[in-house]
Amino acid sequence: MKTGVPFREGLFQGSDEKGSLLGARCRQCGQIIFPRREACLNCLGNDLELIQLSRKGKLYSYTIVHMPSEHFEPPYAVGWIELPEGVKIFSQIRGWQERPLETGMDMALHFEKLWDEEEKEVVGYVFRPSTNGGA
Amino acid sequence: MKTGVPFREGLFQGSDEKGSLLGARCRQCGQIIFPRREACLNCLGNDLELIQLSRKGKLYSYTIVHMPSEHFEPPYAVGWIELPEGVKIFSQIRGWQERPLETGMDMALHFEKLWDEEEKEVVGYVFRPSTNGGA
Amino acid sequence: MRDVAIIGVGSTVMGKFPESLPYELGAEAARAAIQDAGISPGDLQFAYCANLYGGMVIGQAVMGEIGITDIELTNIENACTGGATAVRKAWWDIASGLYDIGIAVGVESITTSPMAGKLITPAKGDITGELGMNMVARFALSQRRYMDMFNISLEQIAQVSVKNHRNGCMNPYSQYRKELTIEEIVNSRPICEPITLLQCCPSTDGAAAAILVPLDLAGKYTSQPVTIAASVLKSGDYAFRWEDMTFSDMTSKCANSAYEMAGLGPEDVDVCELHDAFAMNELQHYVELGFCKRGEEVRLLEEGVTDLGGKIPVNTSGGLLSKGHPVSASGVAQIAELVWQLRGQAGERQVAGAKVALAHVIGGEVTGLESGAVAVHILKR
Amino acid sequence: MRDVAIIGVGSTVMGKFPESLPYELGAEAARAAIQDAGISPGDLQFAYCANLYGGMVIGQAVMGEIGITDIELTNIENACTGGATAVRKAWWDIASGLYDIGIAVGVESITTSPMAGKLITPAKGDITGELGMNMVARFALSQRRYMDMFNISLEQIAQVSVKNHRNGCMNPYSQYRKELTIEEIVNSRPICEPITLLQCCPSTDGAAAAILVPLDLAGKYTSQPVTIAASVLKSGDYAFRWEDMTFSDMTSKCANSAYEMAGLGPEDVDVCELHDAFAMNELQHYVELGFCKRGEEVRLLEEGVTDLGGKIPVNTSGGLLSKGHPVSASGVAQIAELVWQLRGQAGERQVAGAKVALAHVIGGEVTGLESGAVAVHILKR
Ligand SMILES: [Zn+2]
Ligand SMILES: [Zn+2]
């Protein structure tokens, strides 16, 4: 079995279904930022607190892509998921073959393999249509 | 045997030792241009006559290149040859292994294979140290 | 600050030219603009050359080909906004009094570039790119939301492409000169759903150029100077400030600044070239440029308001969809089309009596920004 | 026209940074300049970003990383002269009154670019490139002629590299911080004879930035403003007008224009950063910049006139040879070094009492031209 490595450091924690995306909230202006930065991009303040973003959200929009990408064979789905905090996350969408996508539908965060790389399995966040309205 | 094709159209004529480089002389300002253009780059006039450039010249400068290039394996030699007309021609230099190069030495024009390309032999101009002071 | 006029424009035919080197395309357009202006190349005091894929100092190769050396020459990159950026910079060099005559060139040769036939891979480290984002997907996501929220059909969006391809048939510089039907467009190969192939601009090689002088010297060169009434260039804002992905805040703010600068409003615009990289962009830009309120854009199109003969003909050149989209050249090519319109030289596609024209381009993908850059120019005669 | 001052500069350490993305290097330099100027990023009204290999709208990624969006932002390419071009453009935007504060950034990441470890292949259609020309060969041909015509030895040329590497040891931003001997330099691997490896600048990643305001507002920000006394940028002239390949007409003409603009002469220059891409360039540039007559350049070097403690210390930063040559960043990095010198902040390598400084860059290969572009800036306190 291959070792799993995150596709980028610092974006999420937990490699199973208990993890979450790591954002930051600016204590000065309230802006939520994902991924985290050293300073708030909205007010340029430095007083940020690390937060775990919600694990569910709504499908703001989606597309089925019929072009190859660096890591994904077509067709694959990607979309924007709007979290209750108001932040939108761009993500691979999984499970769309089983359940037709619709804007506004409930989505849940999962951590899954994104692609293979030599000896490693690169893992990251994906969203899937959620069963019974939540994750 | 492979077909010989010129590495660029319009730069020279004759594929053996009787050919010459094709330049232009501006009838307005006297500037000699190689390669030819539609207008004189010096005075922007349009009255140009096609001329055959001299087949001998002097080695203005040279270098032995120890880096690979798109078409040539190192080491190879290139240089500027100054023709009696005053124009300087950049060219591959051949025969440098047999006869050490020196700035100011007499050089003669030859047409030889530059590189191979699939079914074709790409030919062009080169200069070689000339025997008895001329070509 | 001096008023600035355009006294000459030129363009190559747009298309796929594997045998033409980038600097040859640029030189062709520059020569055409020089001839149009009736000047000698040696008159030019400065040059800007916009390009993305042609490599190092391409502007010097373009200018060197036509006899122009030893001047202030700057190569510009600003993605799809590169050509408009070159015009903006040339405008300011004249307006500020630095120089009295100069040229803005935009040139792109995708076919001879290292990108030819390749996927545009995301910049290393671009998170959305690594997760499968690309240029078409970015707009497909906007279009899906747009269709679902505002009840717009694919057939309605396809009408933009129908109109622009019809216009392109009348433009000798257009890459495509072939009418398309709604059915052909909707049923063409899906690229990123709901965007199909014929809702996308093609990959295009080409170049365009414009020559600028102070308005008070323009009479020396031409009886038909075209004045630059506004020139605005802005970099993108953060996507987290972007309430609604179906409306370009960047275009809206940029257009408002341009109207203010020109002392004109959207109601004054007689002809417009806007950034129809994808068919649905044109509908959204109607709203952002102030041609109608939200929800009225499809009606504007369907009632022919933006068609030839309508109140504000849009993309008379064929737009990016039909004329083609030679990335860094597009912003200058739009200016060329609008100068021809304002001079009454646009042939079959002429907008009768056009006095005010607007050019809009936007583009460049950066994770976290709505887009890289946007530019609006307003021209008048 | 208003006088323009530099109120802040910043730089990354120069080197090879495969883990750093281009926009991260640019952001690091911009942050340093912003901190040096004591301003907030939000104060910036415009930006120029010079880059060659980083891809589309890299300036937007750089600025977006540090909180700067929705401004006039232009990406510049002018080969080795790109950074100086960005400074020149920023200078004019302030001098002309268009804006009151802006930033010029230069950034290059060769290591993460598609060019990493590759030969820079000639542009398609470049005749001399196809026949085996390359950047090193171009200067090797000049050097061979130079050595033969003027009886200059390789050992004499190597002393430039010795001096600049010695200076680099005192610069915390320098890629190399190691002294070299004449023997090491002469006996290093031949690249294009007579140029050996240690006569060449290295391949470098890095970035630098400068913040500009009108001189009459500079007092708000700093007690040590540095004034831009001259800024000249010129594209290359035809090689057929070039009588002598061992003397850069372009540099000579550009420097003369700059001296005229500043109302100063070569005798006024207290410290200079010049384009020592190859060791012999520095000797030739002494003459072209007016520091000595032809034939005196080796003596100038050997007598220590251009060394620290001499009358005109040259390349106190280590120059391109030791500090490194991050193509589009080099022109801005030179400005940063000279600002530190004029403020008395150059540490061990400080030129005592420096009041006037000159920066010179040249570069870009185009068949038929001497070079692509050249720029000279003169700074004073
Ligand atoms: Zn904040
Ligand atoms: Zn002539």
Toward chain D, the part of B/Gln31 with a non-hydrogen atom under 4.5 Å: side chain

Measuring heavy-atom distances to chain D, does B/Tyr62 have an atom under 4.5 Å in its side chain, in its backbone, in both, or in neither? both

Are the charged groups of B/Asp106 and B/Arg128 less than 4.0 angstrom apart, N to O? no

Checking side-chain polar atoms at under 3.5 Å, does D/Ser142 have a donor or acceptor matched by the opposite partner on D/Thr246? no

Tell me whether D/Arg144 is salt-bridged to D/Asp148, with the criterion being a basic N under 4.0 Å from an acidic carboxylate O. yes

Tell me, out of B/Leu41, B/Ile33, B/Leu59, B/Val78, who's got the most heavy-atom pairs with chain D below 4.5 Å. B/Leu41

Only one of D/Glu302, D/Glu282, D/Glu179 passes salt bridge (charged side-chain N to carboxylate O under 4.0 Å, His left out) with D/Lys163, and that residue is D/Glu282

B/Glu82 bridged to B/Lys58 by N-O distance under 4.0 Å: no

Residues D/Glu193 and B/Thr63: side-chain donor-acceptor under 3.5 angstrom: no

Highest number of heavy-atom pairs under 4.5 Å with chain D: which of B/Tyr60, B/Phe7, B/Trp115? B/Tyr60

When only pairs under 4.5 Å are counted, which of B/Thr103, B/Leu114, B/Ile64 shares the most heavy-atom pairs with chain D? B/Ile64

Can you tell which part of D/Met245 gets under 4.5 Å to a heavy atom of chain B, answering side chain, backbone, both or neither? both

Tell me, for D/Asp237 versus chain B, whether the close heavy atoms (under 4.5 Å) come from the side chain, the backbone, both or neither. neither

Indicate whether any N or O donor in one side chain lies under 3.5 Å from an N or O acceptor in the other, for B/Ser54 and B/Glu85. yes

Quick check on B/Pro35 against chain D: is it the side chain, the backbone, both or neither that has a heavy atom closer than 4.5 Å? side chain

Under 4.5 Å to a heavy atom of chain D? For B/Tyr76 that would be side chain

Heavy-atom contact with chain B under 4.5 Å, split by part of D/Arg241: side chain

